[in-house]
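One structure is given here, and the rest of the page talks about it.
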Amino acid sequence: MRSLEDRIEGLHAELGGLKGRPIEPIAPLPILTQEPFAAAAVLIAIVGHPRPTLLLTERLATMRAHAGEISFPGGRVDPGDTGPVAAALREAHEEIGLPPAAVDVLGLLDDVRVGTGIVVTPVVGRVPPGLPLAPAEAEVETLFEAPLDWLCDPANQRLETTMFKGALRSFYVIQYERHRIWGATARMLVEL
């Protein structure tokens, strides 16, 4: 059996900076805006512990969008960003104090469409353990790590279906300790 480090190296080789078509939700999302989809990026940071973990944030409950949700650090691609990698690194620095130079970018996952009018590019990177990170008080309630192998285990990923805006909507949910990870973040974990 290959070690987790060997599998991360395999992920790096497989990603190779290439992306396919955007991942669509299990059941189509209602589109909540008529505006063109905006570009955003998140950083899926693999922390190089002996048992690797992922960095996740819990957004403030008072945020205008995605309040209280569990997410990867990230946000919209700004005009000054050279692309999704630059945006993900900038946002991770702003949200949790992660120095961009500390991230070994492994590649990109497929874009994920979000019904609120955003196309998110997940950027996968490796970071060393023990960095002095701190959540930005204006955006992030808490910053935590969760085991990579546990989050990516299909046994811990379940589909839920609910009625939303007059249609059935199915989405992945991953419950880790007190944290309910769902929506786009869970879809990215399923792909990972």
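Position 1 is the first residue of the sequence, and the numbers go up from there.
Applying the side-chain contact (heavy atoms from CB on, under 4.5 Å) test between Leu55 and each of Leu131, Ile46, Ile44, Leu133 identifies Leu133 as the sole match. When each of Leu43, Leu106, Leu109, Val103 is tested with Val123 by the rule side-chain contact (heavy atoms from CB on, under 4.5 Å), just one qualifies, namely Leu43.
Partners of Thr57 under the side-chain hydrogen bond (donor to acceptor under 3.5 Å, both in side chains) rule, at least two apart in sequence or in another chain, are Ser71. With sequence neighbours excluded, the residues that form a side chain to side chain contact (heavy atoms under 4.5 Å, CB included) with Arg158 are Glu160, Val173, Gln175. With sequence neighbours left out, Ala87 forms a side chain to side chain contact (heavy atoms under 4.5 Å, CB included) with Ala41, Val77, Asp81, Arg90.
Ion pairing between a basic and an acidic side chain is recognised when a charged N comes within 4.0 Å of a carboxylate O; Glu58 and Arg178 show such pairing.
A side-chain donor-acceptor contact under 3.5 Å links Asp153 to the backbone of Ala155.
Sequence neighbours left out, the pairs with a member in residues 128-150 that pass ring-ring contact (aromatic ring centres under 6.0 Å, His included) are Phe144-His179, Trp150-Tyr176. Residue pairs meeting the salt bridge (charged side-chain N to carboxylate O under 4.0 Å, His left out) criterion with at least one partner in residues 41-50, sequence neighbours excluded, do not occur; the list is empty. Counting only residues at least two apart or on different chains, no ring-ring contact (aromatic ring centres under 6.0 Å, His included) pair has a member in residues 79-110.
What you find for Ile70 and Thr185 is that their closest heavy atoms are O-OG1, 3.2 Å. Listed here is the closest heavy atom pair of Pro129 and Val47: CA-CG1, 3.6 Å.
With values rounded to the nearest 0.5 angstrom, Gln157 atom CD is found 10.0 Å from Ile181 atom CD1. Rounded to the nearest 0.5 angstrom, Leu189 CG and Leu151 CG are separated by 5.5 Å. Taking CG of Leu98 as the start and CG of Leu89 as the end, the distance is 7.5 Å to the nearest 0.5 Å.
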For Thr53 and Leu148, run side chain to side chain contact (heavy atoms under 4.5 Å, CB included): C-alpha distance rounded to whole Å, both residues' side-chain angles, the deciding distance at 0.1 Å, then the answer. CA-CA 5 Å; Thr53 59; Leu148 173 64; 6.0 Å; no
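A 4.5 Å side-chain heavy-atom check between Phe171 and Arg187 finds every atom pair outside the cut-off. Side-chain contact between Ile118 and Arg76 is present, with heavy atoms from C-beta onward closer than 4.5 Å. Between Leu192 and Leu54 there is a side-chain heavy-atom pair separated by less than 4.5 Å. Arg51 places a side-chain heavy atom less than 4.5 Å from the side chain of Asp149. Between Met188 and Glu191, the closest side-chain pair of non-hydrogen atoms is not below 4.5 Å.
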